**Q** 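Below are the structure tokens for one structure; questions will follow.
If you're wondering where the values come from, they're calculated on a predicted model, not measured in any experiment. Chain letters run A, B, ... following the sequence lines, proteins first, then strands; residues in each count from 1.
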There are 2 protein chains.
Amino acid sequence: MAGTHNEGGAAPVGEAGYGGPQVCKLIGISYRQLDYWARTGLLRPSVADARGSGTKRLYSYRDLLELKVIKQLLDAGISLQSARRAVDCLRQDLGADLPSAKLVLTEGRSVLAQTNGEVVDLLAGGQGVFNIVPLSGVVDELDAAIVELGGSRGQEPALGWPAAAGAGRERSREGSSRG
Amino acid sequence: MAGTHNEGGAAPVGEAGYGGPQVCKLIGISYRQLDYWARTGLLRPSVADARGSGTKRLYSYRDLLELKVIKQLLDAGISLQSARRAVDCLRQDLGADLPSAKLVLTEGRSVLAQTNGEVVDLLAGGQGVFNIVPLSGVVDELDAAIVELGGSRGQEPALGWPAAAGAGRERSREGSSRG
DNA sequence: CCGCGTAACTACCCTCGTGTGACTTCCTCG
DNA sequence: CGAGGAAGTCACACGAGGGTAGTTACGCGG
């Protein structure tokens with residue numbers, strides 16, 4: 001279905017990235033929300049941002065991950081401001097093995113815990129509230145959504161990247177020059 | 001200011017409870033916040049609510065605990081709506097040993113975990129975001145605040161709750177010990 | 001006994017963040 | 001060059017309070 005044009009499903013056009021409306025379907029947010037986040041600087045598309053009314057925003061898979069985390073946090077009743085800190089933390093650990101990690105947010109500090117032991121350790125020593133995001137679920141749901149929307153394309157939805165710990169996974173296409 | 005009132009510190013007058021401004025100091029919120037919460041029904045004083053402009057709201061120690069939990073959640077960037085659910089959960093487990101428990105909130109479900117094992121178990125099976133509130137810290141901080149504001153009275157920081165609820169639950173609530 | 005002062009609660013209006021809808025503009029593809 | 005879709009813009013809504021003035025219940029002094 002929708003196999004006529006290459007924009008019919010959720011798969012990125014070649015290597016370009018994911019367009020705005022596609023991202024909305026994949027993440028499960030409204031377009032206005034995505035637009036708002038992009039305009040307020042919470043998360044701007046890393047492949048290509050808009051340069052006018054007629055252009056397209058292009059999001060990378062990494063962007064999708066961050067968006068999904070933000071949505072999870074919002075669903076859990078956490079404010080955008082806190083979600084922003086969470087994404088910040090996510091960006092610092094670029095090489096982490098995300099599917100096996102948990103994002104642990106406390107007041108003033110946010111860390112990526114790679115094992116359950118770390119989480120328990122943090123829990124034992126902390127006083128405030130903990131917000132814990134198991135990233136496995138995030139990656140899983142996102143992947144499932146990608147497959148569901150455009151899986152029949154025979155195009156890999158960008159999941160072969162857990163070997164990114166210290167490795168250069170520089171397959172991003174920064175070719176589009178701004179005007 | 002003519003020293004007309006006897007409540008110089010934080011200790012409740014006899015069995016009355018804690019007044020509004022006192023609660024603000026104890027919990028660390030603004031009066032407007034407390035007022036807003038009372039008006040919107042998030043947490044109304046259980047000893048005596050206001051019946052006009054000249055009357056006083058009187059909060060019980062249990063109210064203070066719930067307020068403190070709410071404030072912790074707010075500090076962690078959690079919305080009032082979610083905090084409302086947390087307090088709801090707290091009210092269901094009236095007889096629980098709060099200082100040793102942790103409040104675990106997930107999307108759609110909120111439970112009181114009495115042991116760390118329960119928390120780990122919940123973490124292992126869940127997908128969404130977890131908000132974990134160690135109540136030991138809550139009780140501890142609240143107790144310290146009460147002692148600090150009214151400590152010179154040599155009075156018990158917390159008094160027995162009024163039997164307004166009708167149920168006589170004599171738990172050992174003395175918050176000096178924590179798990 | 002009654003007014004006064006003050007402490008508390010209340011009402012009203014405003015702000016800020018976080019969106020949402022409607023409508024416009026304008027780029028890109030064919 | 002025309003059609004269509006995507007970003008932009010403006011107005012508005014709603015939650016969560018802040019500020020301030022008004023209103024009422026006390027207690028006290030005259």
**Q** Hey, could you give me the CD1/OG distance between B:Ile70 and B:Ser82, rounded to the nearest 0.5 Å?
**A**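 B:Ile70 CD1 to B:Ser82 OG: 12.0 Å, rounded to 0.5 Å.
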**Q** Between atom CG in A:Asp49 and atom P in D:dA6, what is the gap in whole Å?
**A** 17 Å
**Q** Please state how far atom CG in A:Asp75 lies from atom C1' in C:dG19, giving the value in whole angstrom units.
**A** 14 Å
**Q** Could you tell me how far apart A:Leu34 (CG) and C:dG21 (C1') are, to the nearest whole angstrom?
**A** 17 Å
**Q** What residues join A:Val120 in its hydrophobic cluster, counting side-chain heavy atom gaps under 4.5 Å, either direct or through other members?
**A** B:Val120
**Q** I need the OH-P distance between B:Tyr59 and C:dA8, as an integer number of Å.
**A**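 It works out to 13 Å between those atoms.
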**Q** Below the 4.0 Å mark, does D:dG5 have OP1 or OP2 next to a side-chain nitrogen or oxygen of A:Arg57?
**A**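 False: A:Arg57 side-chain N/O out of range (4.0 Å or more) of D:dG5 OP1/OP2.
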**Q** On DNA chain C, nearest-nucleotide positions of A:Gly54 versus B:Gly19: which is more 5'?
**A** B:Gly19
**Q** Would you check if the side chain of A:Asp63 reaches a backbone N or O of A:Ser46 as a donor-acceptor pair within less than 3.5 Å?
**A** yes
**Q** With sequence neighbours excluded, give me every salt bridge (Lys or Arg N to Asp or Glu O under 4.0 Å) pair touching residues 30-40 of chain B.
**A**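 Passing the test, one end in residues 30-40 of chain B: B:Arg32-B:Asp35, B:Asp35-B:Arg39, B:Asp35-B:Arg57.
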**Q** Please give, in whole Å, the distance from C:dG19 P to A:Leu43 CG?
**A** 13 Å
**Q** Give the cluster check for A:Leu112 versus A:Leu123: same hydrophobic cluster or not, with ILVMFWY residues linked at side-chain heavy-atom distances below 4.5 Å.
**A**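 Not linked; separate clusters.
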**Q** Measure the spacing between CG of B:Asp93 and CG of B:Leu98 and express it to the nearest 0.5 Å.
**A** 8.5 Å
**Q** Map A:Ala50 and B:Arg51 onto DNA chain D by nearest heavy atom, then report which one ends up closer to the 5' terminus.
**A** A:Ala50
**Q** How does protein contact run along nucleotides 10-19 of chain D, one letter per nucleotide 5' to 3', with B for base contact, S for sugar-phosphate only, - for none, heavy atoms under 4.0 Å?
**A** B----SBBSB
**Q** For the pair made of NZ in B:Lys56 and P in C:dA8, what is the distance, rounded to whole Å?
**A**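 Taking atom P of C:dA8 as the reference, NZ of B:Lys56 is at 6 Å.
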**Q** Separation of A:Asp35 atom CG from C:dT24 atom C1', in whole Å?
**A** 14 Å
